[in-house]
Amino acid sequence: MKLTKLLTAATVAAGLAFTAVPALAVTLNLHNGAEPRSLDPQKVSGNWEDRPVSDYIEGLMTIDASGQPILGQAASYEISEDGTVYTFKIRDDANWSDGEPVTAQDFVLGYQRLVDPQTASEYAYLQYVVKNAAEINNGEIEDLDQLGVKAIDDKTLEITLNEPTPFFLDALTHYTAYPNPKHVYDEVGDDWTRLENLVANGPYKVVEWVPGSYLRSEKNDAYYNADNVQIDEVYYHILEDQAAALNRYRAGEFDILTDFPADQIDFLNANYPGEAHVAPFLGVYYYVVNQMDGKILADENLRKALSISINREVIGPDVLGTGELPAYGWVPPGVSNYKGEQYMPAWASEDYADRVEEARQIMADAGYTPDNPLKLQLRYNTNDNHQRIAVAISAMWKPIGVEVELFNSETPVHYDALESGDFTIGRAGWIMDYDDAINMLDLLKTGVGNNYGRYSNAEFDALLDKSATQTDLEARAETLHAAEKIAMDEFGVIPIYYYVSKNVVDPSISGFEDNAKDRHLVMYMSKSE
Amino acid sequence: MLNYTFRRLLTAIPVAFIAITVCFFILRLAPGGPFDGERALPAEILRNLRAHYSLDQPLIVQYWMYVSSLLQGDFGPSMVIQDFTVSELLAIGLPFSLMLGFTAFVLATGIGIIAGMVAAVRQNQWPDYVLVLTVMLGIIIPNFLMANLLQLAFGVYLDWFPAGGFVNGSIHHLVLPITVLAWPHAARVSRLMRGSMIEVLGTNYVRTAKSKGIGERLVLVRHAIKPALIPVVSYLGPGLSYLLTGSLVVEQIFSLPGIGKYFITAALNRDYGLVLGTTVLYMGIIIALNLLVDLVYAWLDPKVRYR
């Protein structure tokens, strides 16, 4: 037994030596932004971690170039009639890079680690739709085998959900649902993501990590679709300074820039026509208004005056310069499973001057005038763009009789204040975890941690609960639209703009498609000289 | 002198202990924690995370755990780069930061001393003006701007050097970062050198030496340089520790694997282990450097005695 293992190891090592990148390898230089905290899919939470992780591990479902879920390690799946039991067949040719087959047990392990309180996964709640996931994660159930993820045999996996979940296949494309190599984990435990132990079942394998500088992955020849993978080597460059990143793109050192300074869009369009990609993205930039009892903005009329007097049309094009889309509703455009008219309040189409007049009247009725203004503190986390927006909006509020004191602090302090309710108005942003309207609407539910403003409406909560039981997607969308309307009509929160993704892609790269998730797997890309 | 060195090292122990203690508690007093980010984590997940890093223990227990593992040479885990321990991160970053800092230090000190001397000897002539102007640029342009300008000039337009990045063993990649790091230091050294050299050249003993008919060059080498170096040397200690700890901007803009950035970014992210680890390490370096400077100082100036 031991000898065979040794022999296998030797063969694998020899194989690796031969598959090392040849001299004419095609290298992709990808600007990745921040330093990943880990390569462990169950421990990460940012898109700068998603990029290297999703290139080396593939879930049951993966995404196509446009971000839509397609079959990945699964060859097929069946959904039970009540929509709560999913049965997956894993591909026969799905293997880890050390030659071991990918098994149903690998997925069970990934899921069990995700919800195990010991792992301390930040994103465990994303898979709370799975039966007993929440109960195990918060310690109510200690037996991990109670989780609704079971291996029927080596290649068959059964996942049981709490209730029918229309976005579940999409949730499977998320890294929280990725498998862990059980044969490696059994030997080294949590150290399985250290480079010396790392095995991949995706198109690439991370082979080098220089903290502060880059991660480097090489093509994984054991991947079932390796023949169609064109880029041989990927550098994920760690660089958070946007101006420096743009310089390096201009110097030809990066093929893809995953962010750029907003004020450079005109420069880019003039000097690098067609290379800047600005696309709608699933997220909202908004102002939280503190509606706790006794707070001044518990008064709906004041919230209305503040919201309607913001000229959102100038924020994207003029204040930021990157064309962020004005947000009058809560759910971003392009969200899946959300058929129906986008929420648009009547006042949005009124003349801006009339809106300001109406807001001024509301404030005057409440006893506030420009001479005797309402004094508010507006908090934001320190950042140039947040500051520009805060300055612009306080100028818009001045004529209606609101005097704003700007207060900025570093990110942990800022969110600490929002969570503890120690603010009047505060800046926040939400990037959707999965492509479904419920992920936005949940933020306004009574008692939810991220509901910083403590918006609370029983009817709204009831509609969200109702939607959870609806299997008919159109009826569910209707329920959710009704809920959105309630919260927005009451000005439960002040949306400012919908996020856009900002990439710059060199013309030599093809296969990069803009999508609302802003996820781009390297395996779909190719590079021409 | 050996005795003096030994006593200095002994006093470093309480200093180190106080610094670690103060740093530990100040970090914990700062509002927010390592897991406060763009979005609030559900209470149960936050509880899991805090338990994982023993943050749910009383502060004094955490302090005791930290100090006792530190005494065994273990800096603990990093909360923000979890695939590495703090010791591993420092082991990767420290040699690089030292190499970068020392190279910049040696180059900058050499250039600064020579430039300062030339400017002093040719006071108020064109070499003086050119040097003063170059020096001023290094002081008035902040390093992040200087880095960007050099990237644009030499990386984008002239294409002489890479605009950033790290390739193991490539000197080519280090030219721009070292320039950014070294320039302000060379500027300060040359200003100090110029000022003190002008002063020394006006002293009686230099005038006496000149009146004896010794050539100008010999007077400089034999009588002027050594005393003129004294203010420069007293600046070198803080100057070097600045170069070693101040590489944050350079490391970030050029994507270099040093530890300077951990000092700031880890503090902002409340990565307690990494901030403390970096602090302890820098403290050791700075204590050692200060001692070294004091020793050199005494060698240069016979009036200084070890007590």
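Since the structure is predicted, the reported quantities are computational estimates derived from the model, not experimental observations. First the proteins, then the strands, lettered A, B, ... as listed; each starts at 1. Computed over heavy atoms, backbone and side chain alike; hydrogens, waters and symmetry mates excluded.
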Can you tell me how far the [atom1] atom of [X] sits from the [atom2] atom of [Y], to the nearest 0.5 Å?
| X | Y | atom1 | atom2 | answer |
| --- | --- | --- | --- | --- |
| A:Ser38 | B:Phe84 | OG | CZ | 9.5 Å |
| A:His31 | B:Ser255 | NE2 | OG | 7.5 Å |
| B:His173 | A:Glu253 | NE2 | CD | 6.5 Å |
| A:Asn247 | B:Ile253 | CG | CD1 | 9.0 Å |

Near B:Ile171 CD1, under 6.0 Å, is it more than 12 heavy atoms from other residues, nucleotides or ligands?
no

Should B:Leu152 and A:Arg250 count as side-chain neighbours, where that means a heavy-atom distance under 4.5 Å?
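Side chain of B:Leu152 against side chain of A:Arg250, heavy atoms only: contact under 4.5 Å found.
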
Close side-chain approach of B:Ile81 and A:Glu35, heavy atoms under 4.5 Å
yes

Max heavy-atom pair count under 4.5 Å with chain B, selected residue of A:Pro211, A:Gly252, A:Pro36
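Option with the top pair count is A:Pro211.
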
Who wins among A:Ile238, A:Val210, A:Asn137, A:Asp241 for the most heavy-atom pairs under 4.5 Å with chain B?
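So the answer, after comparing A:Ile238, A:Val210, A:Asn137, A:Asp241, is A:Asn137.
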
Counting only heavy atoms closer than 4.5 Å, note whether [X] contacts chain B via side chain, backbone, both or neither.
| X | answer |
| --- | --- |
| A:Ser121 | backbone |
| A:Leu239 | both |
| A:Arg248 | both |

Under 4.5 Å from any heavy atom of chain A, what part of B:Tyr157 do you find: side chain, backbone, both or neither?
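For B:Tyr157, the contact with chain A is made by the side chain alone.
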
What part of B:Ile92 gets closer than 4.5 Å to chain A, counting heavy atoms only: side chain, backbone, both or neither?
side chain

